[in-house]
Amino acid sequence: MKLKTKLYLSFGFLFLLILLLAGLGSLFVRQLADDSQAIIKDNYRTLDYMQSIKTALDKTILTIGKQDSKSKAEQGFAFESILESIEKQKANITEPGEDKLTDELIKQVELLKISLNENIPSEFLLMQIATIQDLATKIYELNIQTLLRKNDTANQTAERVVLYMAITGISGSILSLIFIIGFPEVIFDPLQKLNEGIKAIASKKYDHQLKVAENDELGEIASSFNLMASRLKEYEASNFSLLFSEKKRIEAIINQMHEGIIGIDENHKILFINDFAKNVLNLSEEYIKGEHIQSIAKINDIIASFATDFALGGQESLTPKTIKIVLDKEEKTFSREIIPINISKDNHDKLENVGYVVVLTDITQYSERDKAKTQFIATISHELKTPISSIGLGLKLLNDKRTGSLNESQSNLIKGLIEDKNRLLSITGELLDITQAETGNITLEQEVFSPQEVITLASEALQLQLKEKKINLELTIQPELHALGDENKTTWVLVNLLSNAIRYSSEESTIKMTCSQHYENHILFEVIDQGKGISKSFQDRLFEKYYRVPGTKTNGSGLGLNISKEFIQAMGGQIGVESEDGKGSRFWFSLKSK
Ligand code: ADP
């Protein structure tokens, strides 16, 4: 049976029950009312008439034997009342035998009327009145009897009504109770089972099936649910095999790669490692899979090197680093990059970290070529120094008046040649510095020096350039600071930053140089200009070797900032820039303080 039909039937049944109770109630009440009405209406009237006849007869008795007009009038009134009551009684005969008694009453009253008008002795009249009174009493009693009987009937009806109503009420209540208790079960049970089924599906238990007990709508829902569960099962099976084959394919690709790949989850546990990485790290997958990198770090130096970075966190740890690994008794150079994997779970916009991929790339070839190039540049720069010095000496001699006088254009030519020689000398000097930095051959002093002196030295060295461009240099130096590092190299860096600021600033602008305590144990140096600024997209590459912002017209090698970075980092400090296109730049570096 359909659920809809069940609902119709159940509520229809309740409706009928209510109708039955209402119908029976009004029927019984009607019956009771009819019975009571019968009592009040007919019999009560007869009692009333008989009572008035009796009263009128009593009054008539009092006038018998009296001949005065008042008595005669009273007798007339009394008789009138008797006649009136008799008329009414004639129309109100209800009980069997009442008609005969009424007829007899009328006959006796008529006889009394005649007797009253004739001169009949009082005794005879009183006898006649007594007969009428007797008849009236009989009619009265007949009606009283009927009243009592009807009252009994009404009482019986009332008792019957109470009984019937009680039976109907109790049976109706029992049926409603059964219905109220039983009906929600009919709906609730299947819904609860459906709910359990949905929860099972949500937790991927696709084997879950619902029992199809009824052929109604809930039964249809159960069948649809079962169909959905079996389809999901099929889908999962096909999806699983697809995913499995895709996983195999990706694993094969990762294993074929000539780079070491290590997958790490968000809790820093190793997820996978490809063949190349296994070989490089000399580890087997079974041994390290699922292990925390900190525990592998204890037995493997390479993992230990990036486990520290993981422990530290932060952007710095993610920047690629170069590491040396001995493979097959040969020292190899690898670049090691940690790439965080951020995805948006549940299609939310917010990205969440789900782990990292560590990529180990063998860069031995490139680093050897780089080393050869650096060596070459170092040799050339060194070799060039001697001829450049000879050129310088030659130009000095030429410029000397003692070796002969020069005309103006010759002397201008010599001036230009001296400037070019100086540029060549500074470029070869910078190239030598950079090769030293790259090969790790920088010799650094670790001394305590006064930042104030270094800043004064740097600003004095560039007085000429400042004057040429009419630039105002503002110095703000916190007194009594003591920096720890190489004084000469720090001066070199400051000169380089200040000379950049001068070169890339317009005339008559202001450059600020500051030096202050930074946190508890660092000193911060800043060079702030109002020049052309550097757009954000170029700032990342600014400290790279030979890098110059595209479109830079001023002469330069693109080495100054790179050398500065090498020097500052070698001293254990940090260097950086903040700038906006057209809004000036702020170059800063920090060193440890004493
Ligand atoms: P260069 O010899 O070219 O100045 P640097 O390494 O000192 O080499 O600087 C690299 C590049 O950075 C420069 O070519 C220039 O484009 C940019 N740059 C450096 N300092 C500033 C500055 N204060 N304002 C604007 N651009 C600058």
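Start at 1 and go down the list; that is how both ligands and their atoms are numbered. Counting begins at 1 with the first residue of the sequence.
- Scanning all protein heavy atoms for the shortest distance to atom 27 (C) of ligand 1 gives Y504 CD1, 3.5 Å.
- Nearest non-hydrogen protein atom to atom 3 (O) of ligand 1 is R548 NE, 2.6 Å.
- Looking only at protein heavy atoms, the nearest one to atom 11 (C) of ligand 1 is Y547 O, 3.9 Å.
- Regarding atom 7 (O) of ligand 1, its nearest protein heavy-atom neighbour is N500 ND2, 2.8 Å.
- Side-chain N/O atoms of S499 and Q465 include no donor and acceptor closer than 3.5 Å.
- The aromatic ring centres of W588 and F525 sit 6.0 Å or more apart.
- Of the listed residues (G556, A501, G558), the one carrying the non-hydrogen atom nearest atom 8 (O) of ligand 1 is G558.
- Heavy-atom proximity to atom 2 (O) of ligand 1, evaluated over G560, S557, G584, G533, is greatest for S557.
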message = Would N274 and N255 count as a side chain to side chain donor-acceptor pair (under 3.5 Å) here? Give the steps.
response = CA-CA 5 Å; N274 75 345; N255 273 333; 5.1 Å; no
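- For the pair T476/C515, no side-chain contact is recorded, criterion being any heavy-atom separation below 4.5 Å from C-beta on.
- At least one donor-acceptor pair under 3.5 Å links the side chain of Q463 to the backbone N or O of S459.
- Looking at every heavy atom in both residues, E447 comes nearest to E487 through OE2-N, 2.8 Å.
- Set against the non-hydrogen atoms of L559, the atoms of ligand 1 under 4.0 Å away are 6 (O), 8 (O).
- Numbered from 1 in the order shown, with element, the atoms of ligand 1 that lie under 4.0 Å from a heavy atom of V549 read 14 (O), 16 (O), 17 (C).
- With Q530 contributing its side chain and T510 its backbone, the two residues share a donor-acceptor pair below 3.5 Å.
- Near I534, meaning under 4.0 Å from one of its heavy atoms, ligand 1 places the atoms 25 (C), 26 (N), 27 (C).
- From the protein, the heavy atom lying nearest to atom 16 (O) of ligand 1 is T552 OG1, 2.9 Å.
- Ligand 1 lies nowhere less than 4.0 angstrom from a heavy atom belonging to F543.
- Looking only at side-chain heavy atoms (C-beta outward), E580 and K536 come within less than 4.5 Å of each other.
- At the shortest separation from atom 4 (O) of ligand 1 among protein heavy atoms lies R503 NH2, 2.8 Å.
- Protein heavy atom in closest approach to atom 6 (O) of ligand 1: L561 N, 2.8 Å.
- Remark: minimum distance from atom 23 (N) of ligand 1 to any protein heavy atom is reached at D529 OD2, 2.9 Å.
- Within 6.0 Å of the NZ atom in K205, the count of heavy atoms belonging to other residues, nucleotides or ligands does not exceed 12.
- At least one donor-acceptor pair closer than 3.5 Å links the side chain of N300 to the backbone N or O of I303.
- Within the listing of ligand 1, atoms 24 (N) sit less than 4.0 angstrom from a heavy atom of S585.
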